[in-house]
Novice: 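Mind looking over this structure? Questions follow.
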Amino acid sequence: MIIDGKAVAQQVRDEVRVAAQRLRNDHGVVPGLGVVLVGDDPASRVYVRNKEKACAEVGIRSVEHLLPASVSEHELLDLIARLNEDPAIHGILVQLPLPEQIASARILEAVSPAKDVDGFHPVSQGLLLSGGEGFRPCTPLGIMRMLDSVGCALKGRNAVVVGRSNIVGKPVALMLLERHATVTLCHSRTADLAGEVGRADVVVAAVGKTHAIRGEWIKPGAVVIDVGINRLPTGKLAGDVEFEAARERASWISPVPGGVGPMTICMLLSNTLLSAQRSVA
Ligand code: NDP
């Protein structure tokens, strides 16, 4: 069966809307997200606009800070410092990529870990590793939520994650481990990818290559989450998994588009709400 990312995302948004309303009624607090956009990259503008629209729909106040591409690192650090201090701002989002003259790592590290709703700060990464209470990155959180939405048992099951990036593969592997799955993390140097995937009860594909995961590799009954977003020559989007062949074998599989894609923004909303809730706890 198909894991409908749009439907799960809508459910998360509904939950966030209700909880944000409660926070406003009980504590007079409106969750606030500071969004920093540098330059005029059209794709980044679209992402930022979508995030703002999504915030408005669930009762999160988003405040956009548009800076010219010529901005200095110093000016940007100043803005981050002001957002860190602002009690009305609970989450800070710096839209990447940043222009060349700016060291992205330095900017991301300047964000207070208490407002790091993207979960990219080294402190957040460390807290994930040690099982502490930080912010988890949005795409891996969305993947876990999708698995939960179909009642996928994780304890004692073999989970194979393909891709070891800091934003998807590594954090999702840690989250699966935290839920007591036996986790294998594969990458471009993995010797027998077909064999590893073939043993998996749960497959998370985050490779960025069309059909890198062949349908015939999937163990019958496995749950498959396809994170890949690949643009085909026809202009259509495709995932990392050979969908039609894989769906013949999987018990649950997420499509592309309409799978993990819609989850990332809604987990950002969820993290911003969580930060606002922590501010009154
Ligand atoms: P990266 O390019 O950072 O990482 C890709 C990983 O895949 C690397 O670890 C690489 O291995 C591994 N890899 C590459 N080729 C192979 C192969 N043939 N066999 C096995 N492993 C391989 O990508 P991201 O993690 O940032 O993103 C992965 C995909 O997910 C992309 O398509 C991206 O667009 C999508 N994505 C979707 C999101 C969403 O839906 N909201 C959010 C984020 C990403 P090695 O480390 O050895 O190089």
Side-chain angles (χ1 to χ4, degrees), residues 2-10 12-13 41 43-44 46-51 54 93-97 104-105 108 117-120 125 128 135-147 149 159-176 183-200 203-218 224-233 235-243 246 253-271:
I2 305 294
I3 308 178
D4 182 349
K6 277 194 207 153
V8 183
Q10 188 56 50
V12 174
R13 284 167 200 246
D41 175 47
S44 294
V46 172
Y47 293 143
V48 166
R49 207 172 316 126
N50 287 344
K51 283 168 187 167
L93 178 110
V94 181
Q95 184 65 49
L96 299 175
S104 301
L108 295 181
V117 288
D118 251 343
F120 291 159
Q125 292 174 331
L128 170 60
F135 288 105
R136 271 93 197 277
C138 299
T139 301
L141 266 183
I143 294 167
M144 298 306 289
R145 177 70 192 235
M146 288 170 85
L147 290 171
S149 78
V160 169
V161 178
V162 190
R164 55 174 163 180
S165 72
N166 287 332
I167 61 167
V168 189
K170 280 187 211 163
V172 83
L174 288 168
M175 291 183 200
L176 290 162
V183 181
T184 305
L185 189 46
C186 300
H187 46 80
S188 67
R189 269 64 147 212
T190 294
D192 178 16
L193 189 60
E196 302 294 351
V197 171
R199 277 186 288 280
V203 180
V204 177
V207 182
K209 287 191 178 144
T210 311
H211 298 170
I213 310 297
R214 306 274 296 275
E216 70 205 42
W217 297 350
I218 303 296
V224 180
I225 304 285
D226 192 348
V227 190
I229 303 177
N230 307 297
R231 180 77 60 189
L232 297 174
K236 283 190 173 169
L237 291 183
D240 290 341
V241 179
E242 209 182 9
F243 181 79
I253 184 167
S254 73
V256 177
V260 179
M263 294 301 297
T264 301
I265 287 190
C266 75
M267 299 321 290
L268 175 76
L269 304 176
S270 173
N271 270 352

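Each ligand, and each atom within it, is numbered from 1 in the order the structure gives.
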Novice: Closer than 4.0 Å to some heavy atom of Ile167 - which atoms of ligand 1 meet that?
Specialist: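 Every atom of ligand 1 under 4.0 Å from some heavy atom of Ile167: 26 (O).
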
Novice: Note the single closest protein heavy atom to atom 9 (O) of ligand 1, along with its residue, its atom name and the distance in Å.
Specialist: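 Minimum-distance protein heavy atom for atom 9 (O) of ligand 1 reads Arg164 N, 2.8 Å.
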
Novice: Tell me whether Asn271 contacts the main-chain N or O of Arg136 through its side chain, where contact means a donor paired with an acceptor under 3.5 Å.
Specialist: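 Here the side-chain-to-backbone pair exists.
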
Novice: Which residue and non-hydrogen atom of the protein lie closest to atom 25 (O) of ligand 1, and at what distance in Å?
Specialist: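 Atom 25 (O) of ligand 1 sits closest to the protein heavy atom Ser165 OG, 2.5 Å.
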
Novice: Only heavy atoms of Arg189, strictly under 4.0 Å: list the atoms of ligand 1 that pass.
Specialist: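 So the atoms of ligand 1 that pass are 47 (O).
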
Novice: Tell me whether ligand 1 is touched by Gly261 - counting only heavy atoms on the residue side and a distance under 4.0 Å.
Specialist: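 Yes; Gly261 lies near enough to ligand 1 that a heavy-atom distance drops under 4.0 Å.
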
Novice: Would you please name every residue forming a side-chain hydrogen bond (donor to acceptor under 3.5 Å, both in side chains) with Thr264, sequence neighbours left out?
Specialist: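 In terms of side-chain hydrogen bond (donor to acceptor under 3.5 Å, both in side chains), with neighbours along the sequence ignored, Thr264 is linked to Thr139.
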
Novice: Mark up the atoms of ligand 1 that fall under 4.0 Å of a heavy atom belonging to Lys209, in ascending order.
Specialist: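 So the atoms of ligand 1 that pass are 14 (C), 15 (N).
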
Novice: Within the structure, does Ile229 bring an N/O atom to less than 3.5 angstrom of an N/O atom in ligand 1?
Specialist: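 Min N/O separation from ligand 1 is below 3.5 Å for Ile229.
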
Novice: Distance to 0.1 Å, residue and atom name: give those for the protein heavy atom nearest to atom 11 (O) of ligand 1.
Specialist: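 Answer, as residue, atom name and distance: Ser188 N, 3.2 Å.
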
Novice: Taking all heavy atoms of Ile143 and all of Ile225, pick out the closest pair and write down the distance.
Specialist: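 So the minimum-distance heavy-atom pair works out to CG2-CG2, 3.9 Å.
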
Novice: Distance under 4.0 Å to a non-hydrogen atom of Thr264: what atoms of ligand 1 satisfy this?
Specialist: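 The list of qualifying atoms is 39 (C), 41 (N).
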
Novice: What atoms in ligand 1 come closer than 4.0 Å to a heavy atom of Val162?
Specialist: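 Those of ligand 1 that fall under 4.0 Å from Val162 are 20 (C), 21 (N).
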
Novice: Look only at interatomic distance and state if Asp240 has a nitrogen or oxygen under 3.5 Å from any nitrogen or oxygen of ligand 1.
Specialist: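 No; every N/O pair is 3.5 Å or more apart.
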
Novice: Going by heavy atoms, is Thr190 under 4.0 Å from ligand 1?
Specialist: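 No.
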
Novice: Under a 4.0 angstrom heavy-atom cut-off, which atoms of ligand 1 come close to Val260?
Specialist: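 Contacts of ligand 1 toward Val260, numbered from 1: 40 (O).
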
Novice: Apply side-chain hydrogen bond (donor to acceptor under 3.5 Å, both in side chains) to Gln95 and list each qualifying residue two or more places apart in sequence or on a separate chain.
Specialist: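 With sequence neighbours excluded, Gln95 shows a side-chain hydrogen bond (donor to acceptor under 3.5 Å, both in side chains) to Lys51, given in chain and number order.
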
Novice: Quick check on contacts: which atoms of ligand 1 are under 4.0 angstrom from a heavy atom of Leu193?
Specialist: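 Checking each atom against Leu193, I get 19 (N), 20 (C).
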
Novice: Looking at atom 43 (C) of ligand 1, what's its closest protein heavy atom, distance included?
Specialist: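 Checking every protein heavy atom, the shortest distance to atom 43 (C) of ligand 1 gives Val168 CG2, 3.7 Å.
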
Novice: Please could you name the atoms of ligand 1 that Ala206 approaches to less than 4.0 Å, counting only its heavy atoms?
Specialist: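 Those of ligand 1 that fall under 4.0 Å from Ala206 are 5 (C), 6 (C), 7 (O), 28 (C).
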
Novice: Could you give the distance from NE2 (His211) to CG (Asp240), rounded to the nearest 0.5 Å?
Specialist: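 Atom-to-atom, His211:NE2 and Asp240:CG are 9.0 Å apart.
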
